[in-house]
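Worksheet: the structure to be examined is printed underneath.
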Amino acid sequence: MQFFAGFLVAAFGKLFEFFAAYVGKKIAIGGAILAASLTLLTVFWITLKALVVGLVHQVSNQTLLMAFYAIWPSNAELCISAYWTAQLVAFIYREHRENLKAISYVT
C-alpha cells in the first residue's frame, strides 16, 4: 500500500508540476505583453501631452486657445495613444507571430 501511495503522490505531483509550468509560462508571457502595452501607452500619452502643452504654450491669443480647446477634447491624447499602442502591438504580433508561438511553447 505504501508503494501505491508513493506512486500516486509522485504521479499527481508530476501532473501538478506540468500544469503549473504550463500555466505559469502563459501568465508570464501575458504579463510581459501587458506590461509592454502599458509602457507604450504611457510613453505615447506623455509625448502627445508634451506636444500639446508645447503648442499651447506658444500661442498667446486667447481666442485661438479657446478655439483649439473647443475642437481638441480633454481626453484626445489618451484616445490617440491607445489607438497607436493597439496598432503597434498588433503590428508586433503580426510580424513576430511565429516567434511568439515558439516562445509560448518552450518548456
Side-chain angles (χ1 to χ4, degrees):
M1 195 65 165
Q2 289 177 338
F3 294 117
F4 183 65
F7 170 75
L8 286 178
V9 167
F12 282 118
K14 289 292 183 185
L15 186 64
F16 180 74
E17 178 185 349
F18 169 74
F19 283 126
Y22 181 74
V23 171
K25 188 174 23 174
K26 298 291 183 185
I27 290 173
I29 290 173
I33 291 171
L34 180 66
S37 298
L38 289 176
T39 302
L40 289 171
L41 175 67
T42 304
V43 168
F44 283 150
W45 179 76
I46 289 172
T47 304
L48 283 172
K49 197 70 163 170
L51 287 172
V52 169
V53 167
L55 178 68
V56 168
H57 182 68
Q58 297 299 321
V59 178
S60 59
N61 188 348
Q62 291 299 322
T63 308
L64 229 68
L65 284 177
M66 284 176 33
F68 175 75
Y69 281 121
I71 60 173
W72 187 263
S74 62
N75 65 343
E77 295 94 358
L78 187 60
C79 293
I80 294 170
S81 299
Y83 171 77
W84 284 110
T85 301
Q87 289 294 324
L88 185 61
V89 168
F91 171 76
I92 290 170
Y93 174 75
R94 283 190 300 269
E95 292 299 316
H96 299 290
R97 183 177 303 152
E98 295 303 320
N99 291 343
L100 290 172
K101 285 181 185 176
I103 288 171
S104 67
Y105 292 128
V106 170
T107 57

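What you are looking at is a predicted structure, and each value in this text was computed from that prediction instead of being measured.
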Group every Ile, Leu, Val, Met, Phe, Trp and Tyr by side-chain heavy-atom contacts under 4.5 Å, then state whether [X] and [Y] land in the same group.
{"X": "Leu88", "Y": "Tyr83", "answer": "yes"}
{"X": "Trp72", "Y": "Trp84", "answer": "yes"}
{"X": "Leu41", "Y": "Val43", "answer": "no"}

Any chance you could measure [X], atom [atom1], to [Y], atom [atom2], to the nearest 0.5 Å?
{"X": "Leu78", "Y": "Thr42", "atom1": "CG", "atom2": "OG1", "value": "9.5 Å"}
{"X": "Leu51", "Y": "Ile80", "atom1": "CG", "atom2": "CD1", "value": "10.5 Å"}
{"X": "Ile33", "Y": "Leu38", "atom1": "CD1", "atom2": "CG", "value": "12.0 Å"}
{"X": "Trp45", "Y": "Thr47", "atom1": "CH2", "atom2": "OG1", "value": "10.5 Å"}

**Study point:** Closest contact, heavy atoms only, Ser37 versus Val89
**Key:** OG-CG2, 3.4 Å
Review point. Any side-chain heavy atom of Val52 sitting closer than 4.5 Å to one from Leu48?
Key: no
Point to revise | Val56 side chain reached by Tyr69 side chain, heavy atoms, under 4.5 Å | key: yes
